[in-house]
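A note on names: the letters A, B, ... follow the listed sequences, proteins ahead of strands, and every chain is numbered from 1.
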There are 2 protein chains.
Amino acid sequence: MIERIHLKLVKAVQEHGSLTAAAKELFVTQSALSHTVRKLEDNLGTKIWLREGRNLRLTQAGNYLINIANRVLPLLEHAEDKLKQISHGERGTLRIGMECHPCYQWLLKIVSPFLHSWPDVDVDVKQKFQFGGVGALLDYEIDLLVTPDPFYKAGLSFEPVFDYEQVLVLPKDHTLAKRKYLQAADLRDLTLLTYPVATDRLDIYTQFLNPAGVNPKKHKTSETTEIMLQMVACNRGVAAMPRWLAEEYSQKLPLSVLRLGRAGIAKQIFLGTRTNDGEIQYLDAFVEMARNYKLSSK
Amino acid sequence: MIERIHLKLVKAVQEHGSLTAAAKELFVTQSALSHTVRKLEDNLGTKIWLREGRNLRLTQAGNYLINIANRVLPLLEHAEDKLKQISHGERGTLRIGMECHPCYQWLLKIVSPFLHSWPDVDVDVKQKFQFGGVGALLDYEIDLLVTPDPFYKAGLSFEPVFDYEQVLVLPKDHTLAKRKYLQAADLRDLTLLTYPVATDRLDIYTQFLNPAGVNPKKHKTSETTEIMLQMVACNRGVAAMPRWLAEEYSQKLPLSVLRLGRAGIAKQIFLGTRTNDGEIQYLDAFVEMARNYKLSSK
DNA sequence: GTATCAATGATAGAGCGAATCCATCTAAAG
DNA sequence: CTTTAGATGGATTCGCTCTATCATTGATAC
C-alpha cells in the first residue's frame with residue numbers, strides 16, 4: 001500500500017516545496033504526482049497535505065510519512081549499494097573450510113594480505129564438517145576448501161597451490177636424529193603425536209606406516225602444533241608435519257627434522273571451489289594470491 | 001528498484017520454502033513471481049536464490065535482502081497501522097494553545113481524563129504565540145485555542161465552555177474584606193498583582209479600572225498563581241482571578257474574595273477550533289469533555 | 001480596486017507498458 | 001511413472017503516465 005515511490009514523493013515535496021518541483025526531481029509530470037497523491041490519500045483515508053492556495057502544508061499524517069521515508073529510503077538505497085557490490089564480487093563473506101590441520105599457519109599468511117586488498121570482504125574459517133570438506137563445499141557451507149586430498153567431482157575444481165614435504169620431527173638430541181631418513185620400522189618404539197583426526201587421513205599412516213605394517217609404540221593427539229612440538233622437544237614423542245612448518249618451529253625449539261622414507265613423502269595443498277562461483281571476484285583473487293605465495297616462498 | 005513487493009516476496013519464500021507456496025501467500029500465480037524474481041535478479045545483477053533441482057537456496061545477496069525485508073516491512077506495516085489510526089482520529093497530537101493564564105488550572109482538569117480516554121493521543125500545551133492565539137490556530141501551530149476572547153472569523157468556530165466571575169483576592173484581614181463588593185476607586189491605594197500580559201488583555205483594567213479612570217498604586221506581575229496568592233496572603237497586594245480558582249486557594253491560604261463592581265465581572269472561557277478539522281474525533285471529544293465538565297461542576 | 005499574468009494543483013481522456021494470467025515445458029524427486 | 005516445482009511464451013488486462021486544459025491563487029501594474 002505504501003510504496004517506495006510514495007516515500008520518495010513525500011520527501012521530494014518536502015525538499016522542493018511543491019508538487020511541480022518534486023515532479024521535476026522525480027522525472028515525471030506534475031499530473032502523475034497529483035494522481036499518485038490523490039490515490040495514496042484515498043487509500044490512507046487521510047490527507048497528507050492541506051492545500052492552501054498554492055501552498056501545501058503537511059498534516060500530522062504527512063509528517064509521520066516523512067519520518068518513515070527518512071528511515072526507510074536510506075535503508076533501501078544502502079541495500080542497493082551493497083547488493084551492487086555483492087554482484088560485482090567486491091563484497092561478501094569468503095567462507096574457507098580447512099581439512100588440513102597444519103595448513104592453518106599457511107592460510108594465515110594468505111588471509112592477512114587478502115583482508116587488506118579486499119576491505120569489504122569478510123573471511124570465515126571453519127574446520128568441522130558433518131559430511132566432509134567436499135560435502136560442505138557442495139552444500140554451500142563454505143566457498144573454498146583447503147585440503148591435501150582433492151576429490152574431483154562435477155561442479156568442483158581443485159587447484160594445487162603449495163608443494164611441501166611431510167617430515168618427522170624429533171627431539172634434537174634423539175638417537176635417530178643423525179640419520180638421513182627414517183624407515184617405518186624406526187617408529188615401532190616411538191610415541192607418535194598427531195592432530196586428532198582418523199588415522200586414514202594421516203599421511204604418515206596411509207603412506208608410511210600402513211604399507212610397512214608398522215604401528216608406533218603409542219599414539220597421542222594434540223589440537224595445536226605449538227603444544228605438540230613442545231612435547232616433542234621434551235622427549236614425549238615425535239610428530240609428522242610439513243617441512244616448512246617444522247623448520248619454522250625448529251628455530252625456537254630444540255628439534256630435528258627427518259625425511260620419511262628414502263624418497264620422502266611429497267604433498268600438495270589444494271584449493272577447491274565450486275565451478276559456478278566463477279564470477280565471484282574476491283574468490284578468484286584469493287586463489288590467485290595463494291598461487292603467488294607459493295611462488296614467492298620458493 | 002527494490003520495491004516493497006520484492007521484500008514481501010523474499011520473505012514469503014523464506015517462510016514458505018518455495019515460490020509456489022509464496023505465490024499462494026501473496027495471492028498471485030507462481031508464474032508472476034517467477035517473472036518478478038527474474039527481473040529483480042537481472043536488475044540487481046546477482047542471483048537471490050540458487051536453483052538446485054526443486055530447491056531454492058539463498059545466496060549471500062538473498063540473505064542480505066531478507067535482512068532488509070525484516071527491517072523495512074515491519075516499519076511500513078506499523079506505519080500503515082498508525083496512519084489508519086490517524087485517519088480515524090484515534091491517534092495524533094492535540095496541540096492546545098492557552099491565551100488565559102488562570103485557565104491552566106481548569107485545563108488540567110479536562111486534560112487528565114482526556115489522556116485516559118484517548119491513550120494514543122498526546123497533548124501539547126503552548127502559551128506563547130507570535131501572532132496571537134487566533135493566528136496560531138490559523139497557522140496550524142495549534143489545533144485548539146483556550147481563550148476568554150473569541151475572535152469570530154471564517155474557518156474558525158468558538159464555543160463557550162465555562163462561565164465564571166472575575167473577582168479580586170485580598171488578604172483575609174484586609175479592611176476592605178468586609179465589603180459586599182468593590183469599586184474601582186478602592187484600588188487606588190492597593191498594589192495589583194497580575195500575570196505578565198499587556199493591560200489591555202486584563203479584564204480588571206478593561207472592564208473595571210479603565211472605565212473609571214483609576215490606576216492602582218502599584219502594578220506587579222507574577223508568572224504563577226501560587227506565588228501571586230502567597231504574596232496576597234502576605235499583604236503584598238491584591239490579585240484578580242476567576243472566582244473558582246480563588247476559592248480553591250482560599251481554603252489553604254488566608255484570603256478573601258470580593259466582587260468587582262456591584263454587578264461583578266462575568267467571563268467565559270471559549271474553545272476555538274478550525275471548522276475543517278471536523279473529522280478529528282479526539283478534538284471533538286475534547287471539546288465535548290470540556291462542555292460536560294462545565295455542567296458537572298455547577 | 002481591478003485587470004492581467006504567472007505559477008500551481010486538479011482533472012479528463014488517451015495510450016502505452018508492465019504485471020499478471022493461462023497454458024505448457026523442463027527438470028528433479030519419490 | 002507420477003508428482004511437484006520452476007521457467008517460459010504469449011495474450012490480456014490493469015494502471016500508470018502523458019498531454020491538454022481548467023481553476024485557483026498570488027503578484028504586479030495601472
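The aromatic rings of His101(B) and Tyr195(B) sit parallel to each other, their planes meeting at less than 30°, with 60° as the upper class boundary.
Ile48(A) has its CD1 atom 11 Å from the P atom of dA10(C), to the nearest Å. Rounded to whole Å, atom C1' of dC16(D) lies 13 Å from atom CD of Glu3(A). Taking atom CG of Leu9(A) as the reference point, atom P of dT17(D) lies 10 Å away to the nearest angstrom. Distance CG (Leu26(B)) to P (dA19(C)): 15 Å, rounded to an integer number of Å. The distance from atom CZ of Phe27(B) to atom P of dA19(C) is 21 Å, rounded to the nearest whole Å. The separation between Leu19(B) atom CG and dT26(C) atom C1' is 16 Å, rounded to whole Å. Atom C1' of nucleotide dT17(D) and atom NE2 of His6(A) are separated by 14 Å, given to the nearest angstrom. Rounded to a whole Å, the CG atom of Leu56(A) is 13 Å from the C1' atom of dT24(D).
Taking a 4.0 Å limit (strictly below) on heavy-atom distances, residues 30-46 of chain A reaches DNA chain D at Ser31(A), Ala32(A), His35(A), Thr36(A), Lys39(A).
Here Phe151(B) and Phe158(B) keep their ring centres 6.0 angstrom or further from each other.
Residue Ser18(B) has no polar side-chain atom (N or O) positioned under 4.0 Å from OP1 or OP2 of dT4(D). For Thr29(B) and dT20(C), the shortest distance from a side-chain N or O to OP1 or OP2 is not below 4.0 Å.
In this structure, Thr59(A) OG1 and Ile86(B) CD1 are separated by 7.5 Å, a value rounded to the nearest 0.5 Å. Note that NZ of Lys11(B) is 9.0 Å distant from CD1 of Ile66(B), once rounded to the nearest 0.5 Å.
Looking only at side-chain heavy atoms (C-beta outward), Asp143(B) and Ile280(B) stay at 4.5 Å or farther from each other.
More than 12 heavy atoms of other residues, nucleotides or ligands sit less than 6.0 Å from atom NZ of Lys126(A).
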